[in-house]
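Count residues from 1 along the sequence. In what follows, every heavy atom counts, from backbone to side chain, and hydrogens, waters and symmetry copies are set aside. Just so it is clear, the structure is predicted and the values come from calculations on it, not from any experiment.
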Amino acid sequence: MRSIWKGSIAFGLVNVPVKVYTATEDHDIKFHQVHAADGGRIRYERVCTVDGQPVQYADIDKAYESPDGDRVILTDEDFSKLPAAEKHEIPVLQFVPSEQIDPILFDKSYYLEPDSTTPKAYVLLAKTLETVDRVALVHFTLRQKTRLGALRVRDGVLVLQTLLWPDEVRAAVFEKLDGVPAPRPQELQMAESLVDTLSDDFDPSLYVDEYQIELKKMLDDAIANGSNKVTRAPEPAAPEMDAEVVDLVAALQRSLEASGRKASAPAAAAKAEKPAAKKAAEKKPAKKVAKKAPAKQTRRGA
């Protein structure tokens, strides 16, 4: 799991740093829309209704339209000025009995992980909630939206369940229920007997999503049998070498070639120098040693 938010629970004078993780996931098989004639993917573009041109997400602002038709356009800068835009604190408002919270108010569930070197305060809060058998009513901001939440313990882990605001729950008003007579005692007795025969402890592992199981089986069979509804995935291309790696290899190759040229240059020069010296020695005539002329004898007179 990957953390989606960080903050701290304000429990009196105690702060409990936590990381927030989404506790549930959808197991439904995902589909995308294709053109029935040729199987081409269907693309959706953000197009301006005024000039008919596609609009980049960075160029999109948000507009509110009142019931009277008045429109107000707000930018990201406007939203950043709101006081609850960036709060990373989860203050505990009250500790209330869990049975007093109508299940219709529960929205999404999140796991809280201790985000400190010593999770002593985290364990203390979790044990306290288990002991008093109550849930902590908290208030926090997530994704630029203020939320009400119920903090409880599940298998030793703190779980934060977001709650809907009271005005987000619709009132159930059905005229067909007006004036309906109350059930007779015999009808109630028979209904209660039926309830007794079906009563048991709740075990979620006993129930499966048969639709998704059959859908997965249908898809696997179609792929295995190779029907005309299957488009085979293209053969994976040979992995291409990263551009940075290619540049590095080329640089190393050039370095090796350069070092080879540098090393061979002196050797080649020395090798070329030896034959030249030998030839020069062969061509050069030997120096003749001059012989001493005999001394002339002077004839003396008598």
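Taking OG1 of T197 as the start and CD of E192 as the end, the distance is 12.0 Å to the nearest 0.5 Å. In this structure, CZ in F11 is found 5.0 Å from OG1 in T128, a value given to the nearest 0.5 Å. Separation of atoms CD (E77) and CG (D61) is listed at 10.5 Å; rounding is to 0.5 Å. Here E113 contributes atom CD and L158 contributes atom CG; the two are 11.5 Å apart, rounded to the nearest 0.5 Å. Between the OG1 atom of T141 and the CZ atom of R147 there is a distance of 9.0 Å, given to the nearest 0.5 Å. The line from OH of Y122 to CD1 of I9 is 7.5 Å long, rounded to the nearest 0.5 Å.
The cluster map of Ile, Leu, Val, Met, Phe, Trp and Tyr, joined by side-chain heavy atoms under 4.5 Å apart, puts I213 and I29 in different clusters. Note on I4 and L160: same hydrophobic cluster, where clusters join Ile, Leu, Val, Met, Phe, Trp and Tyr whose side-chain heavy atoms are under 4.5 Å apart, directly or indirectly. A single hydrophobic cluster is not seen to contain both M218 and F31; linkage of ILVMFWY side chains at heavy-atom distances under 4.5 Å, directly or through other members, places them apart. When the side chains of ILVMFWY residues are joined at heavy-atom separations under 4.5 Å, either directly or via intervening members, F95 and L124 end up in two distinct hydrophobic clusters. Clustering ILVMFWY residues whenever any of their side-chain heavy atoms sit less than 4.5 angstrom apart, transitively, puts M1 in the very cluster that holds V18.
When the shell of 6.0 Å around NZ of K176 is examined, it contains 12 or fewer heavy atoms from other residues, nucleotides or ligands. Counted within 6.0 Å of CD on E89, heavy atoms from surrounding residues, nucleotides or ligands total more than 12; the atom is thus considered enclosed. By the neighbour-count criterion of 12 heavy atoms within 6.0 Å, atom CG of D26 is densely surrounded, having more than that number from other residues, nucleotides or ligands. Within 6.0 Å of CD on E187 lie more than 12 heavy atoms contributed by other residues, nucleotides or ligands. No more than 12 heavy atoms of other residues, nucleotides or ligands lie within 6.0 Å of CG in L13, so this atom counts as exposed by the packing criterion. More than 12 heavy-atom neighbours from other residues, nucleotides or ligands sit within 6.0 angstrom of CD on E65. More than 12 heavy atoms of other residues, nucleotides or ligands shown are found within 6.0 angstrom of CD on E99.
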### Message
side-chain hydrogen bond (donor to acceptor under 3.5 Å, both in side chains), that's the test. Do T75 and D78 meet it? Break it down for me.
### Response
CA-CA 5 Å; T75 64; D78 296 323; 3.2 Å; yes
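Side-chain contacts under 4.5 Å among hydrophobic residues (ILVMFWY), followed directly or transitively, place V55 together with Y57, I60. Members clustered with L137: L93, V96, I101, I104, L105, F106, V135, L148, L163, L164, W165, V169, by chain and number, using a 4.5 Å side-chain heavy-atom cutoff among hydrophobic residues. Through direct or relayed side-chain contacts under 4.5 Å between Ile, Leu, Val, Met, Phe, Trp and Tyr, Y207 connects to F202, L206.
Under the side-chain contact (heavy atoms from CB on, under 4.5 Å) criterion, Q53 pairs with D51, not counting sequence neighbours. L252 pairs by the side-chain contact (heavy atoms from CB on, under 4.5 Å) definition with L248, not counting sequence neighbours. Among residues two or more places apart in sequence or in another chain, the side-chain contact (heavy atoms from CB on, under 4.5 Å) test is passed with A191 by none.
Contact check for L74 versus Y64: no side-chain heavy atoms found under the 4.5 Å cut-off.
Checking side-chain atoms of H88 against main-chain N and O of K6 turns up a donor-acceptor pair under 3.5 Å.
Residue Q161 forms a side-chain contact (heavy atoms from CB on, under 4.5 Å) with just one option from K108, R152, R154, and that option is R152.
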